[in-house]
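Keep in mind that the numbers below use all heavy atoms, side chains included, and drop hydrogens, waters and symmetry copies. Not measured: the values here are computed from a predicted model.
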Amino acid sequence: MAALDAIDRNILRLLRLDARRSNASLAAEVGLSPSACLRRIKLMEQAGVIRGYTALVDTSNVEATIAVIINITLDRQTEDYLDRFEAAIRRHPEIKECFLMTGGSDYLLRVEVANAGEFERIHKEILSALPGVSRIHSSFAIRNVLATRAGTKRSLRQ
């Protein structure tokens, strides 16, 4: 796929805000015919620019989960260490996201747990057993500020 133009970037911006909006509404907003808009979306999907669609779920209404953000530092940053660590991460569905980072830690992970006891199990059985790990720093999230981006705003008093 050729480089994205301003219309493609605008389509992506609008889809990030509401991926369920109708193609006709999206086309009108970006100034295209519905068929031209749909063609651009299909091209971005085929090129892997759009990898899929997801739902933002308010877990406070569905299930009680706590997001835990984990910074991992490895003993070494060689290709072998990175490859072994990443292969091990892929075997654990409990780990929802894993980012290779610059800065103070090598990886940033996100897990979701029901309680501190569940996180203790994940820490003991998974995180501390990952290959090449020299330091684990975990933080429990209080609230996802952007989770309400597509819906209504929540105040701290609720």
Legend entry - Test applied, side chain to side chain contact (heavy atoms under 4.5 Å, CB included); reference residue, I11; option that passes from D5, L4, I41: I41
Inset, instruction - Apply side-chain hydrogen bond (donor to acceptor under 3.5 Å, both in side chains) to E120 and list each qualifying residue two or more places apart in sequence or on a separate chain. - result: none
Inset, instruction - Show your reasoning for whether side-chain contact (heavy atoms from CB on, under 4.5 Å) applies to V133 and L127. - result: CA-CA 8 Å; V133 172; L127 300 175; over 6 Å; no
Legend entry - Nearest heavy atoms of C98 and F85, plus distance in Å: SG-CE2, 4.3 Å
Legend entry - Co-members of F99 in a cluster of I, L, V, M, F, W and Y side chains, linked at under 4.5 Å: I69, M101, L108
Inset, instruction - Please answer whether the main-chain N or O of S134 pairs with a side-chain N or O of T73 as donor and acceptor at a distance below 3.5 Å. - result: no
Legend entry - Atom pair CD/NE2 of E125 and H92 - distance to nearest 0.5 Å: 10.0 Å
Inset, instruction - Determine yes or no for a side-chain-to-main-chain donor-acceptor pair under 3.5 angstrom, with S128 supplying the side chain and H123 the backbone. - result: yes
Legend entry - T65 to E112 - nearest heavy-atom pair and separation: OG1-OE1, 4.0 Å
Inset, instruction - Would you give the length of the straight line joining atom OG of S33 to atom CZ of R39, rounded to the nearest 0.5 angstrom? - result: 6.5 Å
Inset, instruction - Rounded to the nearest 0.5 Å, what's the gap from CG on L14 to CZ on R21? Could you check? - result: 5.0 Å
Inset, instruction - Establish whether V49 and L38 are linked, either directly or via other cluster members, by ILVMFWY side-chain heavy-atom contacts under 4.5 Å. - result: no
Legend entry - Minimum heavy-atom distance N115-I66, with the two atoms named: CA-CD1, 4.2 Å
Inset, instruction - Give a yes/no verdict on a cation-pi contact between R121 and F119, requiring under 6.0 Å between NZ or CZ and the six-membered ring centre and an angle within 45° of the axis. - result: no
Inset, instruction - Answer with yes or no whether the hydrophobic clustering places L26 together with I50; edges join I, L, V, M, F, W, Y residues whose side-chain heavy atoms lie under 4.5 Å apart. - result: yes
Legend entry - Spacing of CD1 belonging to I70 relative to NE2 belonging to H137, to within rounding of 0.5 Å: 11.0 Å
Inset, instruction - Taking the side chain as every heavy atom from C-beta outward, state whether Q46 and L43 have any atom pair closer than 4.5 Å. - result: yes
Inset, instruction - First locate atom CZ of R110, then atom CD1 of I95, and finally report the distance between them rounded to the nearest 0.5 Å. - result: 11.5 Å
Legend entry - Backbone of L74 reached by a side-chain donor or acceptor of D106 within 3.5 Å: yes
Legend entry - L82 side, atom CG; L100 side, atom CG - distance, nearest 0.5 Å: 6.0 Å
Legend entry - Minimum heavy-atom distance between R84 and P131, given as atom pair plus value: O-CG, 3.6 Å
Legend entry - Residue R76 excluded, over 12 heavy atoms near CZ under 6.0 Å: no
Legend entry - Side-chain heavy-atom pair I136, L130 within 4.5 angstrom cut-off: no
